[in-house]
Number of protein chains: 2
Amino acid sequence: MKNVVSLKSLAKELNISVSTVSKSLNDSEEISEQTKERVKNLAKLRGYSPNPIAVRLQKQETMQIGVVLPNIENPFFASVLKGIDEFISASKYNIITFFSNESLEREKECLDYFSKGNVDGILICIAEETNKKKTFDHIIQIRQKGIPLVLFDRIPMQPLGFDTVHVNDYDSIISAYDYLEEKKCKNIAFVSSIPTLIVGRLREDGYLSKTTKPTVIAFEKLNELQLKVQEALAEGNIDGLIAADIEATLICSSAIQKRGLTFAKQISLIGYVNAAQNDLSYPKISYIDQHPKEIGKQTAKMLLLRLESKLENIAASDIILNTTITIGETSN
Amino acid sequence: MKNVVSLKSLAKELNISVSTVSKSLNDSEEISEQTKERVKNLAKLRGYSPNPIAVRLQKQETMQIGVVLPNIENPFFASVLKGIDEFISASKYNIITFFSNESLEREKECLDYFSKGNVDGILICIAEETNKKKTFDHIIQIRQKGIPLVLFDRIPMQPLGFDTVHVNDYDSIISAYDYLEEKKCKNIAFVSSIPTLIVGRLREDGYLSKTTKPTVIAFEKLNELQLKVQEALAEGNIDGLIAADIEATLICSSAIQKRGLTFAKQISLIGYVNAAQNDLSYPKISYIDQHPKEIGKQTAKMLLLRLESKLENIAASDIILNTTITIGETSN
DNA sequence: CTGAAAGCGCTTACAG
DNA sequence: CTGAAAGCGCTTACAG
């Protein structure tokens, strides 16, 4: 439609066969330099570009990689996607991104579409609902279809036999706890809006491993969480807070400010933030940096290795990336 | 590869022709109910699904829509993308998203790839660099190739003949100004980190239309902007701030807080924010809501209308959406 | 109602 | 070195 110039039209104009045109354009050894020149010149003149669909049909490759993200409005996933994109766009592949919107049903639809021959490989972070219901059949089916798949961030406890990429959530919180202890915090509470999410549980476990008198404030409903945090602060003995996710972090920070407490002096906070916005905000919150772009990059890299069959018979690998703590003004 | 079951394999197993199988599966009137039944049953049994690449080649449609976003880490674009996705994923099309990273060069690459027969239509918000250099040849070329394209958010001043979707930036700022005036602000300054961006200019023009003694603080470098805002506040006569973008807004809010000024009483602020995060933050900033998901939805809708040729000979249309002001704690 | 044939736009053994 | 043929997996006039 758009592209009226085809191998056939070039061949006709040059009075040679389609095969010769094709081979010339693909720089085949079989063709004389002279012919190649003629063909390439005309191709350029006519603005020829091969029909990608036809090439894919012939090569039996879609040249596309499917990505399933729980929610693009979460800045963490936006950054992961950027990391994926930077890596993939330098390859011959393209990304087709779907959003599960944290729904198991939608996630199934996405994988179903992908598995019907629409992509060569898949990158996925499972939805919250999938995580909760521990339903992984739809993911396992992907392997049975022979499509490489890499899981990232939210990794099911029971190994599914796929490559995985994630951070050391458990240890990250331990580091945060250690840091707050060094800063003389005696009463460190843990605040989370993701108590059932895998990463949330790991973070909570990390916290629990550090104290014998834990204070865990965990609610999925944000207004409820808000209330409980305020109540906890009102009791007056908490002098350190570790927040398990962006929402919990903002809630903690707001509650502290509303109560008129002085950061670092009276109470310290470490959490998870959107780095770009945090840098411009007041106060700058001390945070655990998961390096989301790096997560994306490593995830994409792992998949490309599989696709290029460089990992032919190698078992699934589990890449664990390190987080770092960036100190802001909510601790010191 | 993945899908070993094809029309051919079904045909062989049923001892009928490939055409009959194809027609049966497509519910053709030509085929007897009985045969359709047999074919469909076996197809289901074998888990047949048509090879999408082959279908596309035959139908001369890619079933894909290309989206070019300047930067996915900007929450505004993330939300626009969500709006696009919600609308498109309900259609037969899929989205393939590229990020220009605000680079003209990269944007050209994206459009070039799309125009080589990889998508049926394009949605694009031009890069900052494209905006600055006013280089639109690569976009105009798309029309010459007959590929429908819709521009959103950053719309070039000179009409390019494409459908466009954006908000009324000029009027939005006027509303914000009026609101602050009502709140008795006497000295309203305008702060921007996007002075050269189309939307930034429109917003600034809106501001300039309201006052004969304007105070415009506009710098692209954020640390420079930060400094200048602090200096302006130090002079002590500004009692109202309109910020033109997320970064400027956060910078204003921080500067005000650091200076120990009381929001609403001493100084009011209206800007642009990431709504989800703002809701949890302290203070909640009063902001101009652009309804980014709606922008995405309308953009996608416009393209689908074009693709379905329901707008065959209708000239390019310009959809202007309204913003609303959400009052937070930085004004009252 | 069913099937053979042509074609979508390519690539690639294979012959010459 | 060039080209005819087959094929990637479909669809759809056209014959029968």
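The model shown is predicted, which means the values in this text are computed figures rather than measured ones. Reminder, nothing fancy here: chain letters follow the sequence lines and each chain counts from 1. Because only heavy atoms are used, hydrogens play no part in the values below, and waters and symmetry mates are left out as well, while side chains stay in.
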Side-chain N,O (A/Gln60) to OP1/OP2 (D/dG9) below 4.0 Å: yes
Test side-chain contact (heavy atoms from CB on, under 4.5 Å) applied to A/Leu104 and A/Glu109, A/His138, A/Glu128, the passing residue: A/His138
Carboxylate-amine/guanidinium proximity below 4.0 Å for A/Glu33 and A/Lys36: yes
Residue-phosphate contact under 4.0 Å: A/Ser22 side-chain N/O, C/dT12 OP1/OP2: no
Side-chain N,O (A/Ser19) to OP1/OP2 (D/dT2) below 4.0 Å: no
Close residues, residues 34-45 of chain B, relative to DNA chain D [heavy-atom separation under 4.0 Å]: none
Pairing of B/Arg46 and B/Glu13 as salt bridge, 4.0 angstrom limit: yes
Nearest-nucleotide comparison on DNA chain C, the residue closer to the 5′ end among B/Ile16 and B/Gln58: B/Ile16
Aromatic ring pairing A/Phe98/A/Tyr113, orientation class (parallel under 30°, perpendicular over 60°, tilted between): tilted
Side-chain N or O of A/Lys59 closer than 4.0 Å to phosphate OP1/OP2 of C/dT12: no
Presence of donor-acceptor pair under 3.5 Å, side chain of B/Ser17 and base of C/dA4: no
Watson-Crick and G-U pairing of DNA chain D written in dot-bracket, each distance under 3.5 angstrom, with | for inter-strand partners: |||.||||||||.|||
Presence of A/Asn26 side-chain N/O under 4.0 Å of C/dT11 phosphate oxygens OP1/OP2: yes
Distance test, side-chain N/O of A/Lys8 to OP1/OP2 of C/dC8, below 4.0 Å: yes
Below 4.0 Å: OP1/OP2 of C/dC10 and any side-chain N or O of A/Tyr48: yes
Pairwise P distance for D/dG7 and C/dA4, with rounding to whole Å: 16 Å
Ion pair B/Lys133/B/Glu105, N-O distance below 4.0 Å: no
